[in-house]
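Naming: A, B, ... by sequence-line order, numbering from 1 per chain.
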Amino acid sequence: MPDLASEFAHALARAAAALGAPDGVDIGVEPSGEPTAGDLSSPVAQRLARHLRRPPIVIAAELAEAVTAAGIPHVALVTVSGPGYVNLRLDDATYAPAVIAEALAPADERLLAPARERAGKTIVEHTQVNPNKAAHVGHLRNACIGDTITRVLRARGVPVEVQNYIDDTGVQVADVVVGLRRLALSQGRDEPFDQFCSRVYVEICRRYEAEPALVEERRRTLQAIEAREQPIAAEARAVTTRIVEANLATMARLGIDYDLLTWESDILELGFWRAAFAEMRRAEILEHPLVGPLAGCWVLPRSAVGESGDDDAGESGDSASGGPGAARVLVKSDGVATYTAKDVANHLWKFGLLEQDFHYRRWAPGGPATSSAVAADGDLPGGRFGHGDRVVNVIDQRQSAPQLAVREALRRLGHRAQADALHHLAYEVVALSPAAARSLGVDTDDGRSMYAMSGRRGADVRADALIDEVGRRVRAKAGDERTANRLAAAAVRYYLLRFSLGAIITFDFDEALRTTGNTGVYLQYAHARACGILTRVAPLSLPERAPALSGPERELVKCIDRLPQVVAAAHRSLAPGLVATYAFQLATAFNDFYEHTGRIYRIADPELRGFRRGLADAARATLARALGLLGIVPLDRI
RNA sequence: GCCCCCAUAGCUCAGCGGAUAGAGCGCCGGCCUCCGGAGCCGGGUGCGCAGGUUCGAGUCCUGCUGGGGGUACCA
């Protein structure tokens with residue numbers, strides 16, 4: 001059974017169509033802004049007024065009549081109010097038990113998307129830490145967004161494959177290879193390898209300025225890595241393997257995992273890039289200038305005006321956001337392919353447009369699969385990876401231009417459907433507040449409002465360090481170590497998810513380490529409290545009719561019933577923050593209910609007792625569901 | 001220069017073109033004869049500026065101002 005808001009919307013849509021409304025008019029059902037008018041409201045009559053050339057209040061009255069006739073369950077009254085709202089007043093007595101029963105059902109089918117949207121496979125790529133250093137909070141934001149979107153899609157019934165692209169042939173890897181070889185730094189006794197490499201990275205970058213020979217060595221090293229020359233390629237692989245292990249361990253602390261790791265070096269070694277390059281040359285979409293600043297490069301030229309905009313302008317929503325694609329160097333004059341070039345090959349593979357495939361094996365027992373350039377005994381069967389119908393790349397906003405270039409390359413190669421199915425889920429970065437920057441040794445005398453994090457300069461907040469620090473803060477009150485770790489994970493995930501994607505998170509230690517108010521710890525506390533109550537009251541059957549509800553009880557019931565709408569919106573807009581905001585509202589509604597209704601174990605009347613317990617249980621179950629979507633493991637006690 | 005994003009309360013942020021714009025933090029004052037106080041209650045006129053579209057604009061459009069980013073043979 002669909003949720004009430006959907007039923008209301010459908011009834012209104014049918015009624016509006018009968019009055020001659022155009023298709024696709026937005027019904028806009030939402031909780032009533034004016035609580036005395038009703039519980040759910042729609043302003044659709046006002047939107048139809050112009051088209052139907054009749055006063056909104058008259059249209060509203062007719063819609064209300066039709067909705068009444070539709071006989072939606074649990075509706076006490078359909079009313080018209082204000083300038084033309086159609087409102088539902090719910091019949092608490094049957095509505096509340098129905099909501100509770102739905103919330104306590106083992107699987108919430110109301111979360112499923114329409115079958116059409118569940119067809120086909122979506123590939124979500126996220127994390128993409130350069131495998132030369134420890135992950136910082138910026139990478140954490142990326143991974144939390146990607147992981148939460150994945151959980152939302154899966155809750156909606158969409159098949160998802162999560163990929164983590166390992167860019168192991170870029171310059172930053174060459175930096176660390178050179179640094180390890182030349183700097184003679186030694187790893188501290190308790191220093192994790194990823195942290196050690198971060199230190200090497202900072203130091204080698206500092207040295208480049210004084211020692212041009214090192215810069216030259218980096219260039220040679222990069223070329224060797226790209227050309228798969230041994231032993232340097234193997235040396236690089238050894239470093240990146242250990243870093244990837246460390247990065248995956250960091251992400252696992254927040255419950256983030258992957259189906260497949262795709263290695264850029266495999267893309268090169270298996271000739272994916274060669275094939276993509278050949279195809280692009282065959283299609284004559286590349287330029288190869290012999291003079292000028294780009295002499296000797298292979299370039300994907302800037303799109304001609306109108307060329308990329310002649311189709312379905314705006315259908316994909318973000319085609320207008322990037323402007324025309326900028327000219328993009330794919331192969332440098334020294335013959336080395338750029339990241340964008342390799343990403344074009346990667347995306348041809350993702351969509352199943354390449355004839356070649358990787359070999360696959362298990363990265364670690366119970367872990368993700370990983371691509372491989374060579375076949376081996378016990379390899380996983382090919383063919384089950386890739387072949388996506390839709391691709392969502394979680395990559396920060398600064399990389400919009402290269403992402404656009406990838407899409408443009410697909411389009412010009414004639415893969416128009418795939419170009420349209422490629423979504424860059426752009427989000428803003430995590431920057432440092434002046435206080436945070438200062439504590440990391442950044443000079444803040446220029447008085448800026450925020451400072452960019454930089455792994456290269458060591459001005460970043462390491463992910464593990466943050467999780468550790470939150471863990472220390474909560475340990476005193478947490479029952480045990482495992483609980484403290486889960487609280488820390490909840491705090492960090494919630495902190496990184498509660499902002500909208502377009503907001504720069506100006507990282508501040510005080511804010512990130514807080515455990516009261518709008519935080520993941522508050523959510524966990526509300527859940528644990530609900531569990532605590534339930535253990536004090538034996539399970540009872542739910543009455544068919546609810547007693548008269550108090551204000552907080554009504555609010556809680558309505559909030560519980562909103563989950564399907566929230567998940568649908570999070571899916572539609574790929575906006576994980578909506579789930580975070582909802583979880584906080586639900587926790588608040590539950591705490592309000594808790595504070596303002598009597599102690600359940602003292603209630604003698606079995607019906608009232610059964611109802612209150614059921615409501616607390618439904619709140620618990622729904623909060624657990626919301627937390628699960630956020631990748632937070634709900635705690636039964638703290 | 002051109003392109004993109006952002007601007008909402010002292011601070012950090014929510015807010016799908018719809019009714020009286022909401023939270024958290026901070027500050028002040030309350031609430032435990034205990035179902036978990038990491039909680040609850042009370043204390044508030046704030047959508048950068050100027051136009052425009054609309055029955056209706058914090059939300060859409062244009063311009064301006066301020067902040068961030070991109071525009072690399074880095075990724």
Side-chain angles (χ1 to χ4, degrees), chain A residues 26 28 30 32-37 41-44 46-47 49-50 55-56 81-85 128 130 167 170-172 222 293-299 321-324 326-336 338-340 343 395-402 426 428-429 431 433 448-450 452 456 474 477-478 487 498-506 508 510-511 514-519 521-522 524-526 528-537 565 569 572-573 575 577-578 580-581 584-585 588 591-592 594-602 612-613 616 637-638:
Chain A
D26 183 10
E30 54 185 46
S32 303
E34 176 51 71
T36 59
S41 300
S42 165
V44 70
Q46 295 162 81
R47 293 173 188 165
R50 180 207 276 282
S81 68
Y85 290 95
Q128 309 125 310
N130 285 328
D167 179 11
V171 278
Q172 344 72 24
L222 177 58
L294 298 181
C297 299
W298 288 91
V299 180
S321 63
R328 211 68 211 173
V329 172
L330 296 189
V331 182
K332 301 190 271 184
S333 56
D334 63 1
V336 174
T338 61
Y339 170 83
T340 302
D343 215 19
I395 308 179
D396 79 62
Q397 156 279 131
R398 295 173 301 185
Q399 296 195 50
S400 296
E428 268 293 355
V429 295
S433 71
R448 294 159 61 104
S449 58
M450 67 181 88
R456 200 164 45 79
V474 298
K477 286 197 186 178
L487 277 175
R498 61 173 237 249
F499 298 87
S500 61
L501 297 183
I504 296 175
I505 298 181
T506 308
D508 185 77
D510 291 338
E511 187 74 12
R514 240 183 48 233
T515 59
T516 61
N518 188 3
T519 66
V521 175
Y522 175 93
Q524 286 285 29
Y525 192 84
R529 168 186 263 171
C531 290
I533 290 173
L534 293 167
T535 60
R536 298 220 28 175
V537 187
Q565 301 287 315
R572 189 173 52 243
S573 320
L578 296 179
T581 301
F584 180 64
Q585 288 167 349
T588 302
N591 277 333
D592 194 23
Y594 165 80
E595 295 282 349
H596 295 102
T597 50
R599 297 167 177 83
I600 297 173
Y601 68 83
R602 288 188 182 168
R612 289 263 171 85
R613 190 190 192 280
R637 65 195 160 73
I638 292 177

State whether the side chain of A:Arg536 and the backbone N or O of A:Tyr601 hold a donor-acceptor pair below 3.5 Å, judged by distance alone. no
According to a strict under-4.0 Å criterion, is A:Arg448 in side-chain N/O contact with OP1 or OP2 of B:G69? yes
Does B:A14 have its OP1 or OP2 closer than 4.0 Å to a side-chain nitrogen or oxygen of A:Ser500? yes
Is the distance from OP1 or OP2 of B:A72 to the nearest side-chain N or O of A:Tyr339 less than 4.0 Å? no
Is B:C32 syn or anti, taking syn as a glycosidic angle within 90° of 0? syn
A:Thr36 and A:Glu34: CA distance, side-chain angles, deciding distance, side-chain hydrogen bond (donor to acceptor under 3.5 Å, both in side chains) verdict: CA-CA 6 Å; A:Thr36 59; A:Glu34 176 51 71; 2.9 Å; yes
Reckon A:Ser400 touches a base, only the sugar-phosphate, or nothing at all at heavy-atom distances under 4.0 Å? nothing
Identify whether any heavy atom of A:Arg50 sits under 4.0 Å from a base atom; if not, whether one sits that close to sugar-phosphate; answer base, sugar-phosphate or nothing. sugar-phosphate
Contacts of A:Ala528 and A:Tyr522 projected onto RNA chain B by closest heavy atom; the upstream (5') one is A:Ala528
Please classify the nucleic acid contact of A:Thr338 as base, sugar-phosphate, or nothing, using heavy-atom distances under 4.0 Å. sugar-phosphate
Test for a donor-acceptor pair under 3.5 Å between the base of B:G18 and the side chain of A:Gln46, counting only N and O atoms. yes
Compare side-chain N and O positions of A:Thr506 against OP1 and OP2 of B:C13 and report whether any pair is under 4.0 Å apart. yes
Relative to the 5' end of RNA chain B, which residue comes earlier, A:Pro83 or A:Asn130, by the nucleotide with the nearest heavy atom? A:Pro83
A:Arg47 vs B:C16: side-chain N/O to OP1/OP2 distance below 4.0 Å: no
Does the ring of A:Tyr85 lie flat against the base of B:G18, closer than 5.5 Å centre to centre with planes under 30°? no
Which nucleotide, B:C73, B:C25, B:G39, lies nearest any side-chain atom of A:Arg514? B:C25
Candidate pair A:Leu534 and A:Arg613, rule side-chain contact (heavy atoms from CB on, under 4.5 Å), full reasoning: CA-CA 7 Å; A:Leu534 293 167; A:Arg613 190 190 192 280; 3.8 Å; yes
Looking for any heavy atom pair under 4.0 Å, which part of the strands does A:Gly598 touch: base, sugar-phosphate only, or nothing? base
Please work out if A:Asp592 contacts a base, only the sugar-phosphate, or nothing of the nucleic acid, heavy-atom cut-off 4.0 Å. sugar-phosphate
Identify whether any heavy atom of A:Glu30 sits under 4.0 Å from a base atom; if not, whether one sits that close to sugar-phosphate; answer base, sugar-phosphate or nothing. base
Below the 4.0 Å mark, does B:A72 have OP1 or OP2 next to a side-chain nitrogen or oxygen of A:Lys332? no
